Protein chains: 2
Amino acid sequence: MTDKPLIAILEDEPGIRRIMSETLEAAGFRTQCFARATEFEAALRHITPDACLVDLGLPDRDGLALVHRLATESGAAIIIVSGRTQVQDRVTGLELGADDYIIKPFEPAELIARLRARLRRPPAQTRADQRNRASFAGWTADFDQYALISPDGAETPMSHAEAEVLRMFLDNPRRLISRAQMLEILGGAGGESFDRAMDVRISRLRSKLGEDPKNPQLIKTIYGAGYIFLAEIGWS
Amino acid sequence: MTDKPLIAILEDEPGIRRIMSETLEAAGFRTQCFARATEFEAALRHITPDACLVDLGLPDRDGLALVHRLATESGAAIIIVSGRTQVQDRVTGLELGADDYIIKPFEPAELIARLRARLRRPPAQTRADQRNRASFAGWTADFDQYALISPDGAETPMSHAEAEVLRMFLDNPRRLISRAQMLEILGGAGGESFDRAMDVRISRLRSKLGEDPKNPQLIKTIYGAGYIFLAEIGWS
DNA sequence: CAAAGCCTGTAAGAATTCGTTAGATTCCTG
DNA sequence: CAGGAATCTAACGAATTCTTACAGGCTTTG
């Protein structure tokens, strides 16, 4: 974001609203204030704030419902600023999608710090991206076509079991995966000798990836601990 | 996310550590606990937690410095769990890169809710290739590939146990390492004859490094005290 | 419906890793 | 230099993992 982040403030009490706005402006943010949820929702058609500070005690709407809608439909960071002090309030607020929960009265410095912490992370992207193709170490795995394309362009079909294992690795790159985890992820239905089946799956995937059995480059074995997949991965 | 998120817990008090771990496991997370920052940093070379819960009052390191390092170098969400209640503590913690700050004593439900809120957002871009390579005395150790490259360019694979020992040395260069420390670092399972196992590990590593048994240049034995690794080390 | 082909778990033997054992060697003390 | 403790390493063996072969199940094909 090249520009100052835009912060929407939803707060029905004018005094607090003014304080929040001034504090944030002084800290280098742009602000836009609303006293009612309906106003705010109308404005949302035209503006896309980077973060929303919402007071739960609004006169014209249930604040939590609004938070939930914001969380699911907008990418903005949502910070509840509320006078309700119960733990349960915080928990439900956060679980409905709020990113933080600040109790009134609050210290301006903490509000700023928490807001900055939220804005440091990239905004949530739309859930629409499919991400069914991954490339790594010259290979490309297409999970729609169940195909594996080698660095030299040759395309090999990939079986379901192989795809499952590969997907598990691609979802956890550079991370140790224990056998227990594999069993959990791949839904190993409690077969007692399932460990052997796992070995065979790995072995077959390795050979399909052209790995040297003596010295595999991509799928490393950690004796007694599990496996680790080593590659930079790009999804598309 | 196809599998349970991995949460690292850095907390020196065993009671709290256990409570946190059990709470999180019950909520469907995988956890891994550490009592000291050094242990944690060593483990980070192998695991990639999705979030880190760190207590600021660690015995062996300044917690805030660790938070800052984590924030800049790892993509994990960072939540400080501290007994310090001052606003200023929270502000500096958050400004150094923490994503949230929870005050002890905390409600388990709130911890879970805040953790989930952090994990809902996609992780910051995973830090680009952090090559786990070190060079010393003409050798290069690649901890990703589990390979050891000799001064004349020959590449030898390195087993997990060997890599563990070598990494311990490379993390503590030119410093005496007692057997007790080795046991702690390498998670010795408390076997009575573990000392012998350690000897053998060292011996094997020495031979792989081409050390003259009569006069080792890199791994020196200090009779009755421990070992010391002598070399200039460059990480990359 | 039979035959062929592919997928995938099971079994079995080979290969690897790594702790244990034990005898040899080195080091310190007196 | 003797004696005991600490350390080294070769050899062994248990546990783990790899690969190949095989069989049952499912789908495709004639």
Side-chain angles (χ1 to χ4, degrees), chain A residues 145-148 155-169 176-183 186-229, chain B residues 146-148 156-169 176-183 186-229:
Chain A
Q145 307 292 325
Y146 275 60
L148 204 49
E155 189 170 329
T156 326
M158 193 170 34
S159 80
H160 178 64
E162 286 161 349
E164 224 176 9
V165 177
L166 183 55
R167 173 123 220 174
M168 176 197 68
F169 279 127
L176 185 102
I177 305 175
S178 71
R179 289 185 112 82
Q181 275 174 264
M182 290 174 67
L183 205 133
L186 303 182
E192 62 170 32
S193 71
F194 188 75
D195 268 12
R196 307 295 102 237
M198 209 73 228
D199 292 347
V200 177
R201 282 194 180 193
I202 299 262
S203 173
R204 295 209 248 252
L205 179 57
R206 271 185 178 145
S207 86
K208 194 158 281 192
L209 286 171
E211 294 263 81
D212 172 16
K214 301 290 180 185
N215 190 21
Q217 296 298 298
L218 291 171
I219 302 174
K220 294 275 185 185
T221 299
I222 312 293
Y223 184 92
Y227 297 94
I228 187 168
F229 187 83
Chain B
Y146 281 92
L148 207 48
T156 324
M158 187 169 41
S159 82
H160 179 63
E162 286 161 349
E164 230 176 5
V165 176
L166 181 55
R167 189 172 46 237
M168 177 197 68
F169 280 127
L176 181 87
I177 305 175
S178 71
R179 291 185 112 82
Q181 275 174 274
M182 291 172 68
L183 201 134
L186 302 182
E192 172 52 43
S193 68
F194 185 75
D195 270 10
R196 307 295 102 235
M198 211 70 229
D199 292 347
V200 176
R201 282 194 180 193
I202 300 260
S203 171
R204 285 179 178 144
L205 179 57
R206 271 183 177 147
S207 89
K208 195 157 280 192
L209 284 170
E211 295 263 82
D212 172 17
K214 305 289 181 185
N215 187 22
Q217 296 300 300
L218 292 171
I219 303 174
K220 297 271 190 189
T221 300
I222 311 295
Y223 185 91
Y227 298 94
I228 189 167
F229 187 83

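Predicted model, so just to flag it, every value in this text is computed and none were measured. Protein chains get the first letters and strands the later ones, always in sequence-line order, with residue 1 at the start of each.
- Put simply, B:R201 has no side-chain N or O that comes within less than 4.0 Å of OP1 or OP2 on C:dC18.
- In this structure, B:Y146 places its OH atom 15 Å from C1' of D:dT17, rounding to the nearest Å.
- Regarding A:F194, its CZ atom lies at a distance of 9 Å from the C1' atom of C:dG9, rounded to whole Å.
- A distance-only check finds a donor-acceptor pair linking the side chain of A:K208 to the backbone of A:P157 [under 3.5 Å].
- Atom CE in B:M198 sits roughly 12 Å away from atom P in D:dT7 (whole-Å rounding).
- If you take CD1 of B:I202 and P of D:dC8, they are 7 Å apart, rounded to a whole angstrom.
- Side chain of B:R179 to main chain of B:D195: a donor-acceptor pair is present (N/O by atom type, distance under 3.5 Å, no hydrogens or angles).
- Rounded to an integer number of Å, the gap from B:H160 NE2 to C:dC18 C1' is 11 Å.
- Distances shown here put a side-chain N or O of B:R179 below 4.0 Å from the OP1 or OP2 atom of D:dT7.
- Distances from the side chain of B:V200 to the nucleotides C:dT21, D:dC8, D:dC18 place C:dT21 closest.
- Between the CG atom of B:D195 and the C1' atom of D:dC8 there is a distance of 13 Å, given to the nearest Å.
- Residue A:S203 places none of its side-chain N or O atoms closer than 4.0 Å to OP1 or OP2 of D:dC18.
- Contact annotation: A:R204 side-chain N/O to C:dT8 OP1/OP2 distance is not under 4.0 Å.
- Distances were taken from every side-chain heavy atom of B:S159 (C-beta onward) to each of D:dA10, C:dC18, C:dT8; the shortest belongs to C:dC18.
- Between B:E162 atom CD and C:dG19 atom C1' the separation is 14 Å, expressed in whole Å.
- For A:K214, no side-chain nitrogen or oxygen approaches OP1 or OP2 of D:dC18 to under 4.0 Å.
- Contact annotation: A:Y223 side-chain N/O to D:dC18 OP1/OP2 distance is not under 4.0 Å.
- Protein atom CG of A:L205 is 13 Å distant from nucleotide atom P of C:dG9, rounded to whole Å.
- Formation of a donor-acceptor pair under 3.5 Å by the A:E155 side chain with backbone atoms of A:A147 is not found in this model.
- When distances run from any side-chain atom of A:A197 to the nucleotides D:dC8, D:dC18, C:dG9, the shortest one goes to C:dG9.
- Put simply, the side chain of B:R206 gets close to the backbone of B:I219: a donor and an acceptor are under 3.5 Å apart.
- Dashed line: the shortest gap from a side-chain N or O of A:T221 to OP1 or OP2 of D:dT16 is not under 4.0 Å.
- A donor-acceptor pair under 3.5 Å links the side-chain atoms of A:E211 to the main chain of A:Q217, judged by distance alone.
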